[in-house]
Amino acid sequence: MRVLVTGGAGFIGSHVVEALRARGHDVVVHDVRDDPAADVRDPDAVRRALSGVDAVCHQAAKVGLGTGFGDAPEYVSHNDLGTAVLLAAMAETGVGRLVLAGSMVVYGEGRYVCSVHGVVRPGPRAVADLDAGRFEPVCPRCGAELEPGLVGEDAPVDPRNVYATTKLAQEHLAAAWARCTGGAAVSLRYHNVYGPRMPRDTPYAGVASFFRSALARGEAPRVFEDGRQRRDFVHVRDVAAANVAALEAESAPGTLTPYNTGSGTPHTVAEMARALATAYGGPEPVVTGEYRLGDVRHITADSARLRTELGWKPEVGFEEGMREFAAAGLRGD
């Protein structure tokens, strides 16, 4: 199969390219890192890249929470306009298979259970509570403590920041394309991806990159809130394998199918920081009590659908992955 990988020179995309080639696929890389003219927002460049292609693996995106709402036009341009241009060119050229790099951020907060009211969905956390160090969401009906759980793909979506909103819009665009063209689309809703070639400390990097960059500078990783936020840290090679599985599987035409893509083993942010610092040789993390407005408290999802329907399973364990990440270099972009 000839596969176009947008963003194929990036962190996740480069691993996807390697995994596809290892399976014998012919890969076309479309990435502005390799060629400034290879902008996914350029219709002519995209049409040329689609020549002879059987499927598209769309990894190109602006990632991370950003630095404020002023970033909104840039996020929408890269993520949503870029996706719309790509899908329009796919419709024109007859390419009918898409795997989209989605994100678990579309859910907002994760799944919570109140001992009195059952499953509930707390709203965004109040600034006053965050300032006072009250980080845990409470039941919106009675104010009781909540027990976090795993989110399934059928859970309501509730994006809480600009990046999350653009990732959900990408899914809606892909679903509309599938309905209009009869194409088959899959969205892999990534959890917290980490591993070799992760971009170094930038405003748009993930928490694992921030911690690894601090350690490289000889500084203690700075853990926000109280460090008890639950996340699912999934290794980039496992994510690449999920992309290959999705591209090779038979997908339902005319629809978009979402798959949560995580390790299945939640860890707190503090646990991750400690594991990384230990593997690197220190210094120990510092819990700061600081917060970022727009961050969610707990988000871990059930990846059983991906395992069951596509036969995928993660291969890199948490401790093994953190040891490798501690020794790996970071990208400069």
Side-chain angles (χ1 to χ4, degrees), residues 7-19 31 33 59 61-67 101 103-105 161 163 190-242 261-292 294-296 298-300 314-333:
F11 167 44
I12 298 174
S14 64
H15 287 273
V16 172
V17 168
E18 288 180 356
D31 197 307
R33 296 173 182 83
Q59 304 293 317
K62 190 171 185 63
V63 301
L65 183 60
T67 57
S103 176
M104 54 82 186
V105 296
N161 55 57
Y163 170 65
Y190 300 160
H191 274 258
N192 292 69
V193 186
Y194 74 96
R197 300 176 215 151
M198 198 171 191
R200 69 176 64 253
D201 198 355
T202 76
Y204 308 100
V207 64
S209 172
F210 279 113
F211 293 167
R212 176 63 177 78
S213 297
L215 291 166
R217 296 192 301 268
E219 300 172 1
R222 295 175 58 81
V223 179
F224 281 9
E225 302 187 17
D226 57 6
R228 296 177 184 170
Q229 310 94 301
R230 286 162 53 99
R231 298 290 188 270
D232 185 328
F233 299 98
V234 59
H235 195 277
V236 66
R237 285 197 300 276
D238 286 331
V239 168
T261 308
S263 73
T265 306
H267 291 274
T268 68
V269 172
E271 286 174 339
M272 188 273 284
R274 286 194 298 269
L276 189 57
T278 298
Y280 193 84
E284 287 296 305
V286 174
V287 177
T288 68
E290 299 172 7
Y291 65 86
R292 293 196 309 179
D295 275 352
V296 298
H298 305 295
I299 176 63
T300 55
E315 300 289 347
V316 183
F318 179 74
E319 298 293 341
E320 173 194 354
M322 288 299 159
R323 286 194 298 270
E324 180 193 25
F325 185 43
L330 296 172
R331 297 171 66 106
D333 53 348

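Keep in mind the model is a prediction, meaning the values are calculated, not measured. These values consider heavy atoms only, across backbone and side chains, with no hydrogens, waters or symmetry-generated copies.
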Mind checking whether [X] and [Y] have side chains closer than 4.5 Å, heavy atoms only?
X      : Y      : value
Phe224 : Val269 : no
Phe211 : Val223 : yes
Met322 : Met272 : yes
Met104 : Tyr190 : no
His235 : Phe325 : no
Pro196 : Leu330 : no

Minimum heavy-atom distance between [X] and [Y], given as atom pair plus value:
X      : Y      : result
Thr261 : Ala242 : CG2-CB, 3.9 Å
Val286 : Ala220 : CG2-CB, 3.8 Å
Gly227 : Val287 : N-CG1, 4.2 Å
Ala277 : Pro283 : CB-O, 3.4 Å
His298 : Arg228 : CE1-O, 3.3 Å
Gln59  : Gly13  : CG-CA, 4.1 Å

### Task
Dump the intermediate steps for side chain to side chain contact (heavy atoms under 4.5 Å, CB included) on Thr265 and Phe318, then the final yes or no.
CA-CA 8 Å; Thr265 306; Phe318 179 74; over 6 Å; no
### Task
With sequence neighbours excluded, tell me which residues meet side-chain hydrogen bond (donor to acceptor under 3.5 Å, both in side chains) with Arg237.
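side-chain hydrogen bond (donor to acceptor under 3.5 Å, both in side chains) list for Arg237, sorted by chain: Glu324.
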### Task
Please list, chain by chain and in numerical order, all residues satisfying side chain to side chain contact (heavy atoms under 4.5 Å, CB included) with Ala240, sequence neighbours excluded.
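Once residues adjacent in sequence are excluded, the partners of Ala240 under the side chain to side chain contact (heavy atoms under 4.5 Å, CB included) criterion are His15, Val16, Ala19.
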## Note on the structure
Residues passing the side chain to side chain contact (heavy atoms under 4.5 Å, CB included) test with Pro314, sequence neighbours excluded, are Asp238, Arg307, Trp312
### Query
Which distance, rounded to the nearest 0.5 Å, do you find between the CZ of Arg292 and the CD of Glu225?
10.0 Å
### Message
How long is the straight-line distance from CD of Glu319 back to NE2 of His267, given to the nearest 0.5 Å?
### Response
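The CD atom of Glu319 is 7.0 Å from NE2 of His267, to the nearest 0.5 Å.
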### Task
Begin with the C-alpha distance, continue with both residues' side-chain angles, and end with the deciding distance and a verdict on side chain to side chain contact (heavy atoms under 4.5 Å, CB included) for Val236 and Arg197.
CA-CA 9 Å; Val236 66; Arg197 300 176 215 151; over 6 Å; no
### Query
Do any N or O atoms from the side chain of Arg212 and from the backbone of Ala326 form a donor-acceptor pair under 3.5 angstrom?
yes
### Message
If only side-chain N and O atoms count, and only distance matters, is there a donor-acceptor pair under 3.5 Å linking Ser263 with Asp232?
### Response
yes
#### Entry: Step-by-step side chain to side chain contact (heavy atoms under 4.5 Å, CB included) determination, Ser209 to Phe11
CA-CA 11 Å; Ser209 172; Phe11 167 44; over 6 Å; no
#### Entry: Over 12 foreign heavy atoms within 6.0 Å of CZ, Arg230
yes
### Query
What do the steps show when you test Thr268 against Arg231 for side chain to side chain contact (heavy atoms under 4.5 Å, CB included), and what is the final call?
CA-CA 6 Å; Thr268 68; Arg231 298 290 188 270; over 6 Å; no
